[in-house]
Amino acid sequence: MLSLTAAERAAAIDAASSDLKFHLCEVGVPDDVQAALFHKGFNTLRLFCGLDETRLEVRKAVTTEIGLEHDADTASRKAMALILSAWESARMQVEAEDKMRVESRLGQSQRVVQISAMSAMRKEVEAVCGKLRDSEVPAKSLVAAKLEQLEQGDLQAEDLREVLCLEDKDVDLFSGIIEHGTGNLRIRPGNASVPLPSCAEELRHRHRLIAVAWLMCRSKHRNVSWLTDDVVEAFRRFTDFILGKHIAGCPLMLQGVARVPAWKLVLAFEQEARKKAYQLVRDGDAATLSQGLELACKSSELVNLHFLMPLTTSTEFMSSLLSDGSDSAPFSWSKGKGKGKGKSKGKEKDSQTKKFFLKTKTRDGQRICFKFNNGKCSGGCNFVHVCQICLEKGHGKKECPNRKALAESTVDQSDICAAVDVAEDSSSAEDSSSVSDTGGVLVEDSDEDEDGFPKQRYGSGVLGLGPPLNCTLMGKTRPFVDGAGLCSPGRWCPEDRRDESDDGRLGMAHECFLELQRLLRDRMDPHRLMLELACGRHLTSPFNEDLLAAGFSAIKGIMQKYGTVLDLDIVPERQPFKLAMIEEFLRLSGDPDFRVFFSGSRSFANGVSMGVDEKLPRVPAVFDPKCKWRDYEGEQLPEESLRQNYPSAEENAAALEQQFQNEAVLGAMVKMPMSEAVVKYGGRLRIASLGAIRKKDDTFRVTHDGTHGTGVNGSIKVRDQLVCPTAGDMRQAARELQPTFVLAADVKRAHRLVKMKEDQWGFQACRSSSQSDQVWLNTVGTFGISSIAYHWSRLMGGLQRSVYYLLRKIAVFILVYVDDLLWLARGRNAAEAVAVAMFFLATLGVPFAWKKCHGGTRVDWVGYCLDIQRRVLGIGDNKTRWLINWLGRTLEEDAVVLADFSAVLGRLSFAFAALEPLRPFLAPLYTWSAAVSKRCAKLSLPKAVRLVLEFLRAMLEKGHNMSQVGSRERRCVEIFRTDARAAGEEVYIGGWAVIDGKRTMDCRWFSERLTRDNAPWVFTAGEPFRVISSLEMLATLAGIVLFGLKSDVTGSITCSAATDNLGNACVMKRLLTTSFPLAAFVMEIAARLLHHSAVLRLDWTPRLQNREADALTNGDFRGFDKAKRLRFSLESFDSIIMQDMLSAGADLYEDIKSAIAKRATCVNKKQRVTPLRLFDCLHVCWLPALLATAVSSLFVPRPLPPYGTIGLGHPELCRRRCIYKVRGPCRNGEACGFCHLSHGEMPRLDKKQRRMLRTLKEADVLELLLAHLQTRVAQTQLQRVVGPVLRLMSDHLNSLPEIEGDMVFTPAQLENINKVLRRMPVSDLLALAPPTHGLSYREILSEALERRHQTTLGLQSSRAEAPQRKADLGARKSEAERGGC
């Protein structure tokens, strides 16, 4: 037989059509025989069918062409028989295709692709592109249409509504036709369709389907020259052009407002561009389809005719404004968070000005004052007073001369054309990526990164097969998170991940794994190494330098074989990582985020950007967009003065200086004189305050305050949302993998491993001592800068994904929480793979803290504990012991400081994320903590709170600090259905056991009536229907008690019950509610589930499907057997905690309601009490002397303000301003108790600051206020007036007992409070002081001022009446003398 070389054989097989290869392979023709036939030119199905007319002649032709003698031996005879069999089946297929083609051309039927041909083409395409999901494979109708166009040479642009994939459900449409010649009516299938693409990702998906359809046609028709193998890449570039800055993302600046083209215009232009590309191929102006698409994109005529002209002639092709920093497509629409029309009822008063022309920021990014534009700001704010429309000073938006013209104007075509020309002519990727108007509105990023390379979109990377995993946390289902981003293969089960057989790009990683495994086995036992690491035996790296060098050389050799473009030996300055090797490994493995490691201009090798005065990158392939940011109001600009270090750092200045010198040796810091730093960095030099936290090894964790006084964090905006694994992710990973080995590891100096750009080192400047003239500059990330966590997450995510590429389908999960790693492995081979992976990471330069490695069958990780032997997850023994001790100490004292209580409540909330059955017991604790306002006071525990704390302590002492992980295959069996009814005095609960059988007569059931005697809590709220949710939950509890929980061999039970109350279904998902008495029943159910290690899923069932339970609550028992009735009595029910909570909880919630009502009305009560009545009611020995001193010191006649006492002491000592006087005349006149004089801006503490101030001890508050009062009094020269009150406050402070404990404020919080206190008047500062003997210091001062006023009035009256009294006295003397007296 014909003999071929390897090259000839490969070329022959590659030139054959897919359908012919499918027929030959289906019958089993040997590969060498196939290659010989293809080499002779018989490489299409029709050529193969045309060998000859009969089987005998075909046999002779095969012998002649390739030398296959059928009678030479058995193998030759068998091969000839298979060829003849394939020839017959091929002829039948060709005849069927010819018939269908004729009918299709006559309009009698549609072109149909046979299943065998479809399978052959798909297999051929998957050999080139990797395994395709059904969503990536075009439907048969699309492939048939492309085949028909290819064979006829008539290329037509597809209607995007008819571009379907295999997952799309075909709609059964039919149409009728009249057959030619016979006149018969014939029904044929119609065309299925889907809606037009509504977003960028859908359009990208449709383009990929078209490209794959053309590639499938290419596999069948290899002789078509204009259809090449790069058609998929050509359509990708075409999509990038449509969605990029030239069309969909074209930035248009109209009247200073940034806008983008409408989506329907984008789709219309895309259709015309495809038509143009097909026309170029059809007319011969383009040699290939790829070239035709490229020429269509470059056609200026096409852009002007079908894009610019519609855009400039009609405003309907203009989209609405985008929000600041939007990361969605510029043409997608999403509903906001508003609640409808609101009070305006849809009126559009001044809507044009408000919607399109008002700006929020100036050109340099400063915030504009809204009050000034509304005519209400009197100055003193931190905002810029310019017009929101024209940005000019001197007038607001209401007085702007351009306001009316802008509101009534239409879109100017010249502005549009100019905006488009600017966008098209711009060559800078950074300038074209976004256009920012003066109001801070940004247009969507382009599809290119800062260096002009295509940006990988969501869905890129080596993803798994099928949908990723989900987990459940707090009753909500969320995507599984492993810490490596959206493109991480770890989001799939190991068996659903890809390996080298699914994706050829992973062949390099597979070879690296085998070589590293061989090296490790030659030097040590990998299993023993894992056990030693789990026991904490290694304080340093177990891999010596020779082994690491050998591993590096092995990886380097394999990667170079696959084609590298970087020098792998380069190790960047100030970096421990082999960043060039990491990038090349990720690139060759198909990772979407590889350029950030070495090649990019803002890479980890060159230095990343902090985000100050620069836009941080957006990586949609790895992160979801960030939607919410912290408000750094007032912290966007640096202070002029140098910042001082906090006391914790100042007291350890020498130790910090030595630590900084050690950091400088590692390349993490640079020291220079202050004068040199000022010259080099100028305004970019921000010297921050430092704090120091002592660690166990007597070193310090230095915290760099990049927020206060530096304006660094306030100028950073991270645009990607960081997500870390939670307790739900740990549970899901353990449930899916069922690991046999776990290991926790830690990376040293994680935040100090991110290299920063040199021109931004000045933003991270500091001093070891506030008196030093030397400046230390951080060259790498540091604690306290908001963007460092993002950069580290991106770096560590790439390393984590590289491990997944290395391990492929090996049964390993890796969870990363910042710098803490958790390895979960199943089986001996997987444990060895973990050792290989750690060897791989150490070779790449990852600095592990080897002494912190621990694990085995039990591991503590980020506050949680996982025991794989018992298959439980919870909190560790140390944290459990701490909670038990705190609960015991609190119960013994029967009192708690509410600030400490809130802190412990936060710890409980974090811990109970892993202990879901205990979460309901936090509800009354949350409610009481939120209702009590005295945060610094030590309060007695209410009975219900004490009951919950005792129960939690008992549960933790009994070992309920762990909960079952559960099995992967969780069977859920419905046990019962319940219902409740409340109509007047008739209150019933009922239910029946669905699990007993399909017939209700075979099922157990219950129905009970609740009265005022057995359930008084039902009627406390008035009508019983107000507590219908609690009644429904009580019915669920009765079902659990009476019908029990079905056991399971897995040790974790998942049961289901049904109710027609949707709210209760949501409550049982979250296992948390603050509503009473519903919380009491949820607690009882949770306690019983915890006892049985069970999970109850309460499903909502429509009322019509719950008629049996509804009948039981209505007293209709006809469908049930009375002998199977069970009784549930609340009086005899032996509850775990429900009865006690019902009795104690009622008092607690009543007290809470009273406290909330009292707190809401306490201000009004103070206002109704006059100062005189307060003074008269006090009988304190020191008060008369104080007032006498104050009155004597005030006895200086001065001009009286108008309206008597309503302006006394203005502006420092007066009362608050009268709100009626601000709006107009005050009807109370002189009787008004508030100030009628004008006030400027009144500085006041915000809600958070007031709440923080209440957490301080009384002595701390007085000490803080006294300092500000003394300064304020000295500035305003009011010592004689306020001095006595300050002396009283000082004496009271000295009389207070000393209480150990530091102030609970952080330095930053204290600085923010001091900023406000420095601007407050004396009277407001006195009002913040805790009252003494029931009277506030401001009321004492007000009383003294009023007495001074009355005294002054009396003196003036006496002086006016003195002459008259003297005259009367002289007259009386004269009269007496005349009378002889």
Side-chain angles (χ1 to χ4, degrees), residues 1-5 8-106 108-124 140 143-144 147-148 150-153 181 216-224:
M1 195 184 70
L2 181 64
S3 178
L4 302 176
T5 64
E8 291 175 339
R9 178 175 176 176
I13 294 177
D14 185 63
S17 64
S18 59
D19 49 359
L20 175 57
K21 287 191 287 186
F22 179 82
H23 277 276
L24 296 176
C25 293
E26 186 180 30
V27 298
V29 177
D31 294 340
D32 54 348
V33 177
Q34 294 186 37
L37 285 172
F38 301 154
H39 181 71
K40 282 296 185 177
F42 301 99
N43 51 13
T44 65
L45 196 64
R46 293 186 178 276
L47 286 174
F48 180 66
C49 293
L51 276 171
D52 223 313
E53 294 295 330
T54 63
R55 291 172 60 93
L56 180 60
E57 293 171 343
V58 168
R59 188 172 60 188
K60 293 179 180 179
V62 170
T63 303
T64 303
E65 294 294 337
I66 64 175
L68 179 63
E69 298 288 346
H70 72 282
D71 54 355
D73 51 23
T74 303
S76 301
R77 184 178 295 275
K78 180 180 178 181
M80 182 64 73
L82 295 175
I83 290 175
L84 294 176
S85 176
W87 174 77
E88 289 182 342
S89 63
R91 289 193 66 182
M92 295 174 60
Q93 178 174 337
V94 170
E95 291 175 358
E97 287 180 353
D98 290 341
K99 181 179 179 181
M100 288 186 294
R101 185 178 293 110
V102 172
E103 292 180 352
S104 174
R105 292 173 183 173
L106 293 176
Q108 298 179 356
S109 65
Q110 291 182 335
R111 175 74 179 266
V112 178
V113 179
Q114 296 183 6
I115 297 177
S116 60
M118 189 72 180
S119 301
M121 289 186 288
R122 178 174 181 176
K123 184 177 180 181
E124 190 76 13
K140 291 191 291 184
V143 177
L147 283 173
E148 186 70 22
L150 185 146
E151 293 168 358
Q152 295 296 323
M216 296 175 76
C217 297
R218 161 74 174 164
S219 68
K220 185 178 178 65
H221 297 278
R222 291 285 185 177
N223 56 345
V224 179

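Just so we're clear, the structure is a prediction, and the values are computed from it rather than from any experiment.
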Colleague: So how far is it from Cys217 SG to Glu148 CD, rounded to the nearest 0.5 Å?
Modeller: 10.5 Å
Colleague: Please answer whether the main-chain N or O of Lys60 pairs with a side-chain N or O of Thr64 as donor and acceptor at a distance below 3.5 Å.
Modeller: yes
Colleague: Give a yes or no on whether the backbone of Glu53 and the side-chain of Arg91 come within a donor-acceptor separation of less than 3.5 Å.
Modeller: yes
Colleague: Closer than 4.0 angstrom, basic N to acidic O: yes or no for Glu124 and Arg218?
Modeller: no
Colleague: Just verifying a value: how many Å separate Leu37 CG and Leu47 CG, rounded to the nearest 0.5 Å?
Modeller: 11.5 Å
Colleague: Calculate, to the nearest 0.5 Å, the distance between atoms CG and CZ belonging to Asp32 and Arg9 respectively.
Modeller: 6.0 Å
Colleague: Distance from Leu84 atom CG to Arg59 atom CZ, nearest 0.5 Å?
Modeller: 7.0 Å
Colleague: In Å and rounded to the nearest 0.5 Å, what is the CD to CD1 distance from Glu88 to Ile83?
Modeller: 13.0 Å
Colleague: Any side-chain to backbone donor/acceptor pair from Gln34 onto Val29? Under 3.5 Å, distance only.
Modeller: yes
Colleague: So, for Thr63 and Glu69, which heavy atoms are closest and what is the spacing to 0.1 Å?
Modeller: CG2-OE2, 3.3 Å
Colleague: Taking all non-hydrogen atoms of both residues, which atom of Met118 and which atom of Lys140 are closest, and how far apart?
Modeller: SD-CG, 3.9 Å
Colleague: Considering non-hydrogen atoms only, spot the tightest contact between Val33 and Ala79 and give its length.
Modeller: CG2-CB, 4.4 Å
Colleague: Can you name the closest pair of heavy atoms from Thr54 and Trp87 and give their distance?
Modeller: C-CH2, 4.0 Å
